[in-house]
*Asks:* 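Below is a structure I'd like to ask you about.
Proteins get letters first, then strands, A, B, ... in listed order; numbering begins at 1 in each.
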2 protein chains.
Amino acid sequence: MSLLKDYLGKFINFTPTLERVFFELCTIQEIPKKTHLFKSGDVCHHVHFIEKGFARVYYLLDGRDVTSWFAQEGQVMSAKDSLFTGKPSDYNIQLLEDSKVISINYRKLESKFDEYPALERAARLITIESYLQLDDRIKNILFYTPEERYLRLLENYPNITTRISLGYIASYLGITQETLSRVRARV
Amino acid sequence: MSLLKDYLGKFINFTPTLERVFFELCTIQEIPKKTHLFKSGDVCHHVHFIEKGFARVYYLLDGRDVTSWFAQEGQVMSAKDSLFTGKPSDYNIQLLEDSKVISINYRKLESKFDEYPALERAARLITIESYLQLDDRIKNILFYTPEERYLRLLENYPNITTRISLGYIASYLGITQETLSRVRARV
DNA sequence: TTAATTTTTTGATTTTGGTCAAAGGATTTT
DNA sequence: AAAATCCTTTGACCAAAATCAAAAAATTAA
C-alpha cells in the first residue's frame, strides 16, 4: 500500500479516521499480464492504482487498436469517460505485465464526500491532475511531430521501450508501428 | 447573469447565502472584439463565463497560431493549465465578437471551499466537465478524419461558420485553412 | 462608392506518413 | 532444442494533407 499512500499524500492529509475510511474502499490484487481490468461497453465504477506493473487504456475503432493511455507503478487509471458519467465506456483497460493493483470503489468513495470533505478535495485535485495530463497530451498531438512526441514520451517513461511493445507505443503517439520503427532508426 | 445562474444550477443548489458569496466573486464587463482577456506567459487567476459573444483560446508555436478551444454564450473558459498549477500559461484568450463576460476570481473562490463545501463540489463537477470535453477532443483528433471532425464540430457549434473565420476553425481541427476550404467544398 | 484590407478559394507541387508485403529477430511454447 | 508465434524492421508504392503562390470574394475603412 505504500506507493498509494505516497501518491495520496500529495492531495490529502490523512488522519487515522480518514485513512481507515479510505482504505476500507480498497482491494488489492495480484493479476497476471494480459488480463483485462475493464472492457468497453461496461460502466466503470473503480479507479485502479498500479502498485507494481504496467497497464494501458485502449479502444477499438473499426478494427484498429489504439492505446490512449499508459500507467505504471505509482499511477492511477480508470475508464474516466464512464466513471464520470455513469455511461458505458469507449475504453478497455489491460495489464501489460504481471501487476499488483489496488482498486478503489469510486461510488462508495463519492458517498463519503458529504461526511469527509477532505476526500472530496482529494478527488477534485486528482481530477485536476487528470485534466492537466490530457491537456499535455493534446499539446503533444497538435504541436509536435511524431519524432518529437516520441522523444517527449521517453522523458516521461524512460524505460517504456523495454517494457512495452512498439505497436502500443506507436498507436499512443498516433502513428503506425512502421513509422515509429523508422523514427527510432533515425534517433 | 441569468445564463451563468442556469449554467451553475447544473452543479450546485444555490441557497441565498451561497448565491451571495459566489456572486461577490464575479465581475461583469462588456468587452469589444479582438480584445485579449489573457496573454500567455501570465499566471491565470480567473475563469471567464461568456454571457454573450464568442471567444477562443489559442497558442503560438514558432509563428503558428493554433486555436485550442472555442467558447460561446453559456460556456466557461480559462487558461486552465495556469489556473490549476499557478505557473505561467501557454495559452492566450481572445474575444472574437463584442462580448459580455463574467469573470470569476478563482483564487478567492478556492478560499471559500473550507467554509462552503457546496462550492468545492461545484468546482469538482465543473473540472470533471472540462475533463470530459478534453477527452472528447482527443477522441475526435485520434479517431476521425478532418472531414468527420469538421462535421462533428458543426454539430456542437451549428452557426460557427458564420461567426468565426475559417483559419481559426482549421487550426482547431488540426488542419490548414486550405484543406478546410477543400473539405467544405466537398460537403 | 471606392479603396484597402482581410478572408476564402483554387491550382501546382512537395512532403509526410500510411499501406501492403515480406524478411529478420526475439520470445514463448511444446 | 525445435517449432511456433509474436514483434520489429525494411522496402516499394500510394494517398492525404502541407506548402507555396496567386486569384477571387467578402468585409471594413476612407
*Asks:* To the nearest Å, give me how far apart CD (B:Glu148) and C1' (D:dA16) are.
*Replies:* 14 Å

*Asks:* So which pairs with a foot in residues 90-114 of chain A pass ring pair (Phe, Tyr, Trp, His ring centres under 6.0 Å), sequence neighbours left out?
*Replies:* A:Tyr59-A:Tyr91

*Asks:* State whether B:Arg184 places a side-chain N or O below 4.0 Å from either non-bridging phosphate oxygen (OP1 or OP2) of C:dT9.
*Replies:* yes

*Asks:* Figure out the CD1/P separation between A:Ile160 and D:dT8, and round it to whole Å.
*Replies:* 12 Å

*Asks:* Compile the donor-acceptor pairs under 3.5 Å between side chains in residues 13-22 of chain B and protein atoms, sequence neighbours left out, one pair per line.
*Replies:*
from: B:Thr15; atom 1: OG1; to: B:Leu18; atom 2: N; distance (Å): 3.1
from: B:Glu19; atom 1: OE2; to: B:Lys5; atom 2: NZ; distance (Å): 3.2
from: B:Arg20; atom 1: NH1; to: B:Glu24; atom 2: OE2; distance (Å): 3.4

*Asks:* Please enumerate all residues that pass side chain to side chain contact (heavy atoms under 4.5 Å, CB included) together with A:Thr145, with sequence neighbours excluded.
*Replies:* A:Glu147, A:Glu148

*Asks:* What residues join A:Val43 in its hydrophobic cluster, counting side-chain heavy atom gaps under 4.5 Å, either direct or through other members?
*Replies:* none

*Asks:* Would B:Arg56 and B:Asp65 pass as an ion pair if we require N to O under 4.0 Å?
*Replies:* yes

*Asks:* Could you tell me how far apart B:Asp98 (CG) and D:dT28 (C1') are, to the nearest whole angstrom?
*Replies:* 14 Å

*Asks:* Report the distance from atom CD of A:Glu97 to atom P of C:dT27, rounded to the nearest whole Å.
*Replies:* 14 Å

*Asks:* Rounding to an integer number of Å, can you tell me how far B:Lys34 NZ sits from C:dT5 P?
*Replies:* 13 Å

*Asks:* For residues 161-182 of chain B, which residues have at least one heavy atom under 4.0 Å from DNA chain D?
*Replies:* B:Gly174, B:Ile175, B:Thr176, B:Glu178, B:Thr179, B:Arg182

*Asks:* What is the distance from OH of A:Tyr150 to P of D:dT8, rounded to the nearest Å?
*Replies:* 10 Å

*Asks:* Please report the distance, rounded to the nearest Å, between CZ in A:Arg64 and P in C:dC20.
*Replies:* 13 Å

*Asks:* According to ring-ring contact (aromatic ring centres under 6.0 Å, His included), who are the partners of B:Tyr58, at least two apart in sequence or on a separate chain?
*Replies:* B:His36

*Asks:* Return the value, rounded to whole Å, for the distance between atom CD of B:Glu147 and atom C1' of D:dA15.
*Replies:* 15 Å

